[in-house]
Structures are given as structure tokens and as C-alpha cells.
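Residue numbering restarts at 1 for every chain, and letters A, B, ... go by the order of the sequence lines.
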Number of protein chains: 2
Amino acid sequence: MSSMEDQVRRRLGERGVRYTPHRRAVVTALARADGPRSAAELRDDIGDSIPVSSLYRSLGVLERAGVLTPHLGSRDVIRYELAEWISGHHHHLVCIDCGSVEDVTVPSPVESEVRSLVAGIAGGSFTPLAHTLEIEGRCARCA
Amino acid sequence: MSSMEDQVRRRLGERGVRYTPHRRAVVTALARADGPRSAAELRDDIGDSIPVSSLYRSLGVLERAGVLTPHLGSRDVIRYELAEWISGHHHHLVCIDCGSVEDVTVPSPVESEVRSLVAGIAGGSFTPLAHTLEIEGRCARCA
DNA sequence: TTCCTTGCAAACGATTTGCATTGGA
DNA sequence: TCCAATGCAAATCGTTTGCAAGGAA
């Protein structure tokens, strides 16, 4: 079992939450994906063997445990991705035509610039904790 | 009538769309707001005089006309804001506790850095057209 | 008249929840 | 045994749409 799986299992264990087959299926599907995935998209990957309600419950449990993060940049649907402590920090390329979302990582010198920008921007009463650069445009397929 | 109103009216006119009282109410409410607003929030501002369906239809018309932009960073709801050609370019402070979203403008030297970062990041097959830095954290009220 | 806009109510669709059952520790 | 996890069906709720009435050009 990969180290990533171990990390997830440990995190869940610490919170008294089981790492069941459904939950593992969700985690591995998201680990394979190159961007956030909706419940429907995950169901395509995993198969109908997982009932809709169980899928949503798994997503909720994993989110509350800090394993998944919801990405809200899509109309009508919530797409989930692995939390950044698992997947690493990244940004998003959002296609304005088909709505697909893809992850991008930026070179660390660039990233540290972004980080300091963020620190500077949110000056006053707002406490910044995380950030994403959402880049909207047209993906290869829709170009 | 303000110049902003004129711009909106002209834009709608070019597309053969009327600038009705409902639509104007939506636009002025968003012009007053300091961040994106959902249908429910707008209805609080405007009053129940506007039926839900008319509100949603107004939002749709204004979005299609390029007057409004949907902000999708909120669970369950779509919040709209004036398009950037009206309101100017800005970023968002999203509170992870209460979900409120506030606009922030960054100094233009900083902004041009961000712009060049974006150009660099989306190198390959993806064509960047716009971007927002979504900064998640805790707002003053929730601190 | 003609077409766009409006309002009400019904329809949609993604997500959530009640409840009885199953399964692991 | 005991409590978390599961599955099905029913319920939610934001949003959309059908259709008939109202209004502007």
C-alpha cells in the first residue's frame, strides 16, 4: 500500500473513522485524477456499485476529516480533490466552455511570489489561510 | 443617471435587450455590494416585490449580455457580481466559516506581476483569458 | 400586432436525510 | 454487543421552465 494511502488511513484512524472500501475507492479515484471530480464523475470511474447516497456520505466524511477539499468553481456541482497536504499545493485551469478543471503546479520561486502577494493583499482584518489562482480560459479540446 | 448605468443600458441596447426596472434593481444592488451576491441575498436587498423566477431570469439575461459574472466559489449558491469591464479587476477574500465573499483590489504593480505569472503558468495548450486569486481565510466577524 | 417580459406554479436535479439493516472491532 | 457504515427511498432546496397574461414598440 502506498504511503499516501497510509497517510489517509492514519488521519482517519486518529479521528475514529474507518477506511472502508467505498472511501478508499473515492480516494484512489481522486488520486488518479488530474483535477477535481464531481460525484457523478467519480461514479463513472468507480462504477454504480456505490449507491449515490453512500458516495455523498463518503465525500462528506472525507471532507470533514480533512482528506478532501471541495472545489466550488463549477456550476451546479461540487467537485472534490485531495487536500493539499496530500496532493501538494497547486492552482486551477478552468475551461469556460466545457467547465473542466485541471490542476497546475507552478515553479516554487513563482509560488513564493504568489504567497507574498497574498500576505500583502489581505492586509487588514482578514486572516488568509490558503489561496488558489483560478485561471479561466479555453482548454485544448475546446480551443 | 450615472455613467455606469449608461454603459449597461447601451450594452443591453446593442443586443436588443431592455433595461427594465427589475434588471436595473439587480444591477444597482450589485453596484452597491462589496462582493458577489446570491439570488437570496439580492432578494433581501431588493425586496419580495421581485418574484424568484423573475430574479433568476434577470440574472440569466444580464449574465448572457456580459453585464454580470457568476462567482462559483460558494457552496450551493451562485453569487453574481458586475462584470470586470464595469467594476474593475479584483480578487476575492472568501471566509471559510461564514462563506461570505469580499472583493479586494491589488496595487497595479502587484497586479501586473500576477498577470505575468498567469501568462507563464498556463503555458501549453490552455489559453488563459481571465484569472482570480481566491484567498480563503477568516473574515473579521468570524475571527 | 408582434415580440419581449412577467408571474405563478410545476418541474428539475444535485445533494441530503430518515430509517431499518449490515458488518466490523 | 455496540456503534459506525450502508442502501434504499423520500425529502430538500436552489434553480429552471411551461404557459398564460401584461407591456412596450
Side-chain angles (χ1 to χ4, degrees), chain A residues 8-27 29-30 36-65 67-81 99-101, chain B residues 8-27 30 36-65 67-81 98-101:
Chain A
V8 171
R9 181 186 298 284
R10 183 176 324 118
R11 175 112 182 185
L12 293 179
E14 285 166 0
R15 310 185 174 221
V17 175
R18 289 184 213 151
Y19 196 35
T20 66
H22 280 346
R23 291 167 190 175
R24 188 194 298 218
V26 168
V27 168
L30 287 176
R37 291 289 180 269
S38 67
E41 290 163 346
L42 286 171
R43 207 140 178 277
D44 286 341
D45 287 359
I46 299 174
D48 296 4
S49 54
I50 184 172
V52 186
S53 61
S54 297
L55 212 205
Y56 280 107
R57 272 197 268 244
S58 290
L59 292 172
V61 166
L62 293 169
E63 181 190 350
R64 257 168 271 124
V67 172
L68 302 187
T69 309
H71 178 258
L72 305 169
S74 311
R75 209 159 183 141
D76 291 332
V77 297
I78 303 177
R79 289 192 160 98
Y80 285 90
E81 57 188 348
S100 66
V101 184
Chain B
V8 171
R9 179 185 300 283
R10 184 176 324 120
R11 175 115 183 184
L12 294 180
E14 285 165 1
R15 309 184 176 222
V17 175
R18 290 184 213 151
Y19 196 33
T20 66
H22 280 346
R23 292 168 188 174
R24 187 195 299 219
V26 168
V27 169
L30 287 176
R37 292 289 180 268
S38 67
E41 291 163 346
L42 286 171
R43 208 140 178 276
D44 286 342
D45 287 0
I46 299 174
D48 296 4
S49 54
I50 183 173
V52 186
S53 61
S54 298
L55 212 204
Y56 280 107
R57 271 197 268 243
S58 290
L59 293 172
V61 167
L62 293 169
E63 181 189 351
R64 256 169 271 124
V67 172
L68 303 187
T69 309
H71 178 259
L72 306 168
S74 311
R75 209 162 182 137
D76 290 334
V77 298
I78 304 176
R79 289 193 160 98
Y80 286 90
E81 55 188 349
C98 68
S100 66
V101 184

query: Any side-chain heavy-atom pair from B/Leu42 and B/Leu59 closer than 4.5 angstrom?
result: yes
message: Taking the nucleotide of DNA chain D with the nearest heavy atom to each, does A/Gly16 or B/Arg79 sit closer to the 5' end?
response: A/Gly16
Chain B contact limits on DNA chain D, taken 5' to 3' with a cut-off of 4.0 angstrom to heavy atoms: D/dG14 to D/dA24
query: Hey, are the side chains of B/Thr69 and B/Tyr80 touching, using non-hydrogen atoms and a 4.5 Å cut-off?
result: no
- request: First locate atom CG of A/Leu55, then atom OG of A/Ser49, and finally report the distance between them rounded to the nearest 0.5 Å.
  value: 9.5 Å
message: If you assign each of B/Val17 and B/Asp76 to its closest nucleotide in DNA chain C, which residue comes earlier from the 5' end?
response: B/Val17
- request: Salt-bridge test for B/Arg75 and A/Glu63: reply yes if a basic N is under 4.0 Å from a carboxylate O, no otherwise.
  value: yes
- prompt: Stepwise, does the side-chain contact (heavy atoms from CB on, under 4.5 Å) test hold for A/Arg24 with A/Arg9?
  reply: CA-CA 9 Å; A/Arg24 188 194 298 218; A/Arg9 181 186 298 284; 2.9 Å; yes
- prompt: If you round to the nearest 0.5 Å, how far is OG of B/Ser58 from CD1 of B/Ile46?
  reply: 8.0 Å
task: At the 4.0 Å heavy-atom cut-off to chain B, mark where contacts on DNA chain C begin and end, going 5' to 3'.
output: C/dC4 to C/dA9
task: Specify the residues of residues 36-44 of chain A, ordered by number, for which at least one heavy atom lies under 4.0 angstrom from an atom of DNA chain D.
output: none
message: Categorize A/Thr20 for me: base, sugar-phosphate, or nothing, with a 4.0 angstrom heavy-atom threshold over every strand shown.
response: sugar-phosphate
message: Among residues at least two apart in sequence or on other chains, which ones pass side-chain contact (heavy atoms from CB on, under 4.5 Å) with B/Arg15?
response: B/Arg11, B/Val17, B/Ala65
field: Flag side-chain contact, heavy atom, 4.5 Å: B/Leu68 against B/Val26
entry: yes
- request: Taking side chain to side chain donor-acceptor pair (under 3.5 Å) as the test, write out the residues that go with A/Arg79, two or more places apart.
  value: A/Glu41, A/Ser74
- prompt: Quick one, which residues of residues 54-62 of chain B touch DNA chain C with a heavy atom under 4.0 Å?
  reply: B/Ser54, B/Arg57
- prompt: Backbone N or O of B/Ile50 within a donor-acceptor pair of the B/Ser54 side chain at under 3.5 Å?
  reply: no
field: Nearest-0.5 Å distance that lies between atom CD1 in A/Ile78 and atom NE2 in A/His71
entry: 12.0 Å
query: Distance from B/Ser38 atom OG to B/Asp44 atom CG, nearest 0.5 Å?
result: 8.0 Å
message: Please evaluate residues B/Leu62 and B/Leu12 with respect to the criterion side-chain contact (heavy atoms from CB on, under 4.5 Å), reporting the C-alpha separation (whole Å), side-chain torsions for both, the decisive distance (0.1 Å), and the verdict.
response: CA-CA 8 Å; B/Leu62 293 169; B/Leu12 294 180; 4.2 Å; yes
